[in-house]
Amino acid sequence: MTDKKIILTGDRPTGKLHIGHWVGSLQNRVNLQNSGEYENFIMIADKQALTDNARDPEKIRRSLTEVALDYLAVGLDPAKSTIFVQSQIPALSELTEYYLNLVSLGRLQRNPTVKTEIQQKNFGESIPAGFLIYPVSQAADITAFKASVVPVGDDQEPMLEQAREIVRSFNNIYGEVLVEPEGYFPPKGMGRIPGLDGVKMSKSLNNAIYLSDDSDTLAKKVKSMFTDPEHINIDDPGHVEGNMVFTYLDIFDDDKEKVAELKAQYQHGGLGDMKIKRYLIDVLEGKLAPVRERRNEYAQNMDFVMNMLKEGSEKANAVATQTVQEVRHAMGVDYFGKF
Ligand code: TRP
């Protein structure tokens, strides 16, 4: 292995990725990848996706290729990053099982992200055991590659805290084998971009703009955006806070002077919602058209995409297997030497 710092990150394949994923995490990954300073592992977490979709494996299978296409579309590059599939790396399951003994049930139940998800998913009394323990399997994902940098959205901080606790307790008991990871978070204000309606952008809320949306869909979605309900006539003074069009311009328009000018005009009165939405459509088209084009090109070549995942998984498997051998050795369960 190299002396470079190692990055491991990933996404659950439960659907296509949207522009919230893009500004919240994918852009960071692409920049880190292109800096050339890291060894990059990017994982499609199909096993984690199954923890709450066990009855719908077809969705996960379909989403796997969608996410792979989204990765390629935003500029993740198999020549610079190892892109792989979680379920194809058996070592991750073995590590998870060892780590589970270092974590209490109470600690898992207190994980704030898991707690929120449990409420949102309406599991009631039937929380799948695999779901409750997914933070432990995530610690396995990270440590199997000895990753020290984990670029993720803000909601993943509790996962990293839990992973660090597992690393500390493992190293304490069995000796220094594992590496403590740090999160690498999006720039301030980019962590949670709201959806078209002003609520958190999410597949399930049907308020997302996808990287794969064509230009008509994009335009239609922008036209449906929540603006200022009090801005009825063009000449009325309007509000820019909480107005999604301006929220998006703040995030996506590089011409900050122009945005300031438009805001002033909107607040003063005389700038219509349709006009400002058309402007936003142009801004988003400018950013998303190249992504969409690249995505369409790769979608014509699914053999390439599947082969990339296969080769990435083989490479990742070799690395994770090496770590699991060190772990067995540290724990003294390598009775017969290497397997
Ligand atoms: N939990 C992440 C998500 O919300 C996916 C994931 C699985 C992950 N394992 C990981 C992210 C390891 C970073 C590191 O989609």
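Quick note: numbers below take in every heavy atom, side chains included, and nothing from hydrogens, waters or symmetry partners.
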Can a donor-acceptor pair be found, under 3.5 Å and without considering hydrogens, that links the side chain of Asp214 to the backbone of Thr217?
yes

When you check the gap from the basic side-chain N to the acidic O, do Glu261 and Lys256 get nearer than 4.0 Å?
no

Which heavy atom in Asp154 sits nearest to a heavy atom in Pro186, and how many Å separate them?
OD1-CD, 3.6 Å

Got a salt bridge between Arg168 and Glu165, using NZ or NE/NH1/NH2 to carboxylate O under 4.0 Å?
no

Say whether, by atom type as modelled, one donor and one acceptor occur between the side chain of Asn307 and the main chain of Asp303 under 3.5 angstrom.
no

Parallel, tilted or perpendicular, as decided by the 30° and 60° cut-offs, for the rings of Phe252 and Tyr248:
tilted

Going by an N to O cut-off under 4.0 Å, is there a salt bridge joining Asp11 and Arg29?
yes

Any non-hydrogen side-chain atom of Glu326 less than 4.5 Å from a side-chain atom of Lys146?
yes

Donor-acceptor check, side chain of Thr113 to backbone of Asp155, threshold 3.5 angstrom: yes or no?
yes

Atom CD1 in Ile44, atom CG in Leu64: separation rounded to 0.5 Å?
4.5 Å

Nearest heavy-atom pair of Met225 and Lys277: which atoms, and what distance?
O-NZ, 3.0 Å

Quick test of your reading of the model: are Asp216 and Lys221 salt-bridged, counting only N-O distances below 4.0 Å?
no

Is it true that Arg292 and Glu285 have a side-chain N and a carboxylate O under 4.0 angstrom from each other?
yes

Aromatic contact, Phe145 with Phe84 (centres under 6.0 Å):
yes

Are Ile83 and Leu32 linked, directly or through intermediate hydrophobic residues, by side-chain heavy-atom contacts shorter than 4.5 Å (ILVMFWY only)?
no

Please check this pair: side chain of Lys4 against backbone of Gly36, looking for a donor-acceptor N/O pair closer than 3.5 Å.
yes

Are the side chain of Asp228 and the backbone of Asn243 linked by a donor-acceptor contact shorter than 3.5 Å?
no

salt_bridge(Lys203, Glu66) N-O dist < 4.0 Å
no

Check: Pro78 main-chain N/O paired with Ser81 side-chain donor or acceptor under 3.5 Å
no

Is the closest basic N to carboxylate O distance between Arg295 and Asp70 below 4.0 Å?
yes

Would Arg12 count as a cation-pi partner of Tyr134, with NZ or CZ less than 6.0 Å from the six-membered ring centre and within 45° of the ring normal?
yes

Heavy-atom nearest pair, Thr14 first then Ala49, reads CG2-CB, 3.8 Å

Salt bridge or not for Glu311 and Lys315, using N-O below 4.0 Å?
no

Rounding to 0.5 Å, atoms OG (Ser148) and OH (Tyr38) come to a distance of 8.0 Å

Under 3.5 Å, side chain of Gln33 to main-chain N/O of Gly75, donor-acceptor pair present?
yes

Supply the atom-to-atom distance Asn301 CG to Leu69 CG, rounded to the nearest 0.5 angstrom.
10.0 Å

Please round to the nearest 0.5 Å and tell me the distance separating atom CG of Leu205 and atom CD of Gln120.
8.5 Å

With heavy-atom distances below 4.5 Å as the criterion, would you say the side chains of Met306 and Thr65 are in contact?
yes

Closest approach of Ala330 and Val177, non-hydrogen atoms and distance?
CB-CG2, 3.6 Å

Are Asp253 and Lys258 ion-paired here, with the side-chain N under 4.0 Å from a carboxylate O?
no

Sidechain N-carboxylate O distance under 4.0 Å for Lys287, Asp254
yes

Sub-3.5 Å donor-acceptor pair from the side chain of Ser25 to the main-chain atoms of His21, do we have one?
no

Looking only at the aromatic ring of each residue, does the gap between the centers of His239 and Tyr266 stay below 6.0 angstrom?
no

Which heavy atom of Asn111 sits nearest to which heavy atom of Pro135, and what is that distance?
ND2-CG, 3.8 Å

On a heavy-atom basis, the closest approach of Val150 and Pro181 is CG2-CB, 3.9 Å

